[in-house]
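The block underneath contains the structure these notes are about, expressed in structure tokens.
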Amino acid sequence: MWGGVACYYTPFVRIEKGEFRRKELIDIAPENNTNTPVVPQMLPGDAGELKRLVTLFRENGYSRADINMGCPFPPVALHGRGSGLLPHKEKVAEIMKAVREEREVQFSVKMRLGWEDKNEWRDLIDILNDTSLTHITIHPRIGRQQYKGVVDMESFEQFCELCKHPIIYNGDLNSMRDIENITTRFPQIKGIMMGRGLLARPYLSKLISSDVPYTAGEIIEQTEKFHNALYEELVATSQGNTQLLQRAHALWEYFLPHAPRKERKAVLKSSSPAQYSSAVARLFESWHAVSNEVEAL
Ligand SMILES: Cc1cc2nc3c(=O)[nH]c(=O)nc-3n(C[C@H](O)[C@H](O)[C@H](O)COP(=O)(O)O)c2cc1C
């Protein structure tokens with residue numbers, strides 16, 4: 001709806017007890033990804049899993065795949081997947097060998113600096129450099145940190161010096177200023193990836209990519225339309241009001257943290273779809289009344 005995003009990556013697809021998970025199959029189904037370029041992401045623990053996952057992606061019509069070597073979630077990482085792969089050079093080597101053997105699909109990697117130590121990437125960089133990849137997206141934290149502390153820009157700079165692949169920066173980009181700071185300081189990077197910052201302010205992609213100035217009123221109006229379109233989709237796909245509210249509340253964990261506080265709280269506390277909708281309408285109304293500067297958004 002907003003535009004300005006060059007590519008979306010799906011949530012990771014994994015193998016659990018030998019099977020793919022239904023929800024993840026729905027996420028990558030081509031009929032659910034018609035409007036934007038989408039790259040499916042996999043969470044392999046070894047070369048065998050990578051091969052099964054890449055076959056699944058190919059069967060769904062994809063010719064690109066992203067490998068998740070960054071997930072910090074302990075149940076994932078402690079089982080040697082996501083950022084939990086990073087201390088295991090031999091496992092990464094085995095996975096990259098399988099990447100080199102695959103002819104039809106082009107790979108990229110998403111990673112952190114390490115799981116336990118910010119220097120783990122140094123042991124992997126030659127293997128990664130020797131593998132054909134479209135790019136590496138790096139989030140300069142270690143897995144153990146989860147999302148705590150600050151991003152390690154010094155390590156990111158060193159990574160840029162030693163990595164031969166195009167690099168995409170990811171982490172803590174929450175405003176136009178954050179994005180400008182990164183692209184000015186690291187003009188050599190190929191792009192940026194946004195997660196929570198874009199969930200919080202979905203219009204940032206439009207503001208970055210458009211030369212047309214927007215007023216605060218226009219942004220808020222479009223954001224309300226964006227929310228309503230998303231909510232309609234949740235209504236159409238949820239099984240009952242409890243699931244609908246759960247999913248809508250989950251959106252607001254990240255969405256518009258800077259919107260008026262009292263009204264936002266009322267949205268999160270709403271206990272029926274009717275209450276939810278009127279709380280959302282009130283929130284956008286009062287946001288209109290208090291925000292007249294784009295910079296404040
Ligand atoms: C709830 C949640 C789910 C996530 N799921 C994925 C995922 O499936 N694949 C992935 O590469 N990153 C995932 N991430 C990480 C984000 O893509 C991103 O790397 C991280 O949040 C840091 O960037 P940000 O500060 O822009 O959010 C997830 C993050 C959160 C908070």
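For ligands, and for the atoms within them, numbers begin at 1 and follow the listed sequence. Being a predicted model, the structure only gives us computed values, none of them experimental.
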Co-members of Ile168 in a cluster of I, L, V, M, F, W and Y side chains, linked at under 4.5 Å: Tyr9, Val39, Met193

Heavy atom of protein inside 4.0 Å of atom 9 (N) of ligand 1, strictly below: yes

Residue part near ligand 1, for Met194, under 4.0 Å between non-hydrogen atoms: backbone

Region of Tyr147 engaging ligand 1 - heavy atom pairs below 4.0 Å: side chain

Region of Phe73 engaging ligand 1 - heavy atom pairs below 4.0 Å: neither

Identity and distance of the protein heavy atom lying nearest atom 26 (O) of ligand 1: Gly195 N, 2.8 Å

Atom 19 (O) of ligand 1 [closest protein heavy-atom partner, distance rounded to 0.1 Å]: Asn170 OD1, 2.6 Å

Centroid-centroid under 6.0 Å between Tyr231 and Tyr276 rings: yes

Phe156/Tyr169 aromatic ring centres below 6.0 Å: yes

Spatial distance of atom NE2 (His135) from atom CG (Leu133) [nearest 0.5 Å]: 9.0 Å

Contact bool for atom 3 (C) of ligand 1 (protein heavy atom, d < 4.0 Å): no

Protein heavy atom under 4.0 Å of atom 6 (C) of ligand 1: no

Element-labelled atoms of ligand 1 that are located less than 4.0 Å from some non-hydrogen atom of Arg196: 21 (O), 24 (P), 25 (O), 26 (O), 27 (O)

Where ligand 1 meets Tyr254 - atom numbers and elements under 4.0 angstrom, heavy-atom basis: 1 (C), 31 (C)

Atoms of ligand 1 close to His139 [distance to a heavy atom under 4.0 angstrom, numbered from 1]: 19 (O), 20 (C), 22 (C)

Contacting atoms of ligand 1, where contact means under 4.0 angstrom from a heavy atom of Gly171: 23 (O), 25 (O)

NZ on Lys89 to CD1 on Ile127, rounded to 0.5 Å: 5.5 Å

Intermediate values then yes/no, salt bridge (Lys or Arg N to Asp or Glu O under 4.0 Å), Arg185 and Glu157: CA-CA 10 Å; Arg185 178 165 169 199; Glu157 191 167 0; 3.3 Å; yes

Geometric cation-pi criterion Arg112 and Tyr147, 6.0 Å radius, 45° cone: yes

Protein heavy atom at shortest distance from atom 12 (N) of ligand 1: Lys110 NZ, 3.1 Å

Worked check of salt bridge (Lys or Arg N to Asp or Glu O under 4.0 Å) between Arg14 and Glu49: CA-CA 8 Å; Arg14 71 176 125 169; Glu49 288 190 355; over 6 Å; no

Pairwise distance CD(Glu285) to CD1(Ile220) - rounded to 0.5 angstrom: 12.0 Å

Thr10 N/O to ligand 1 N/O under 3.5 Å: no

Atoms of ligand 1, numbered as shown, that sit under 4.0 Å from any heavy atom of Asn68: 9 (N), 10 (C), 11 (O)

Residues Gln146 and Arg141: side-chain donor-acceptor under 3.5 angstrom: no

Per-atom contacts, ligand 1 versus Pro11 - under 4.0 Å to a heavy atom: 8 (O)

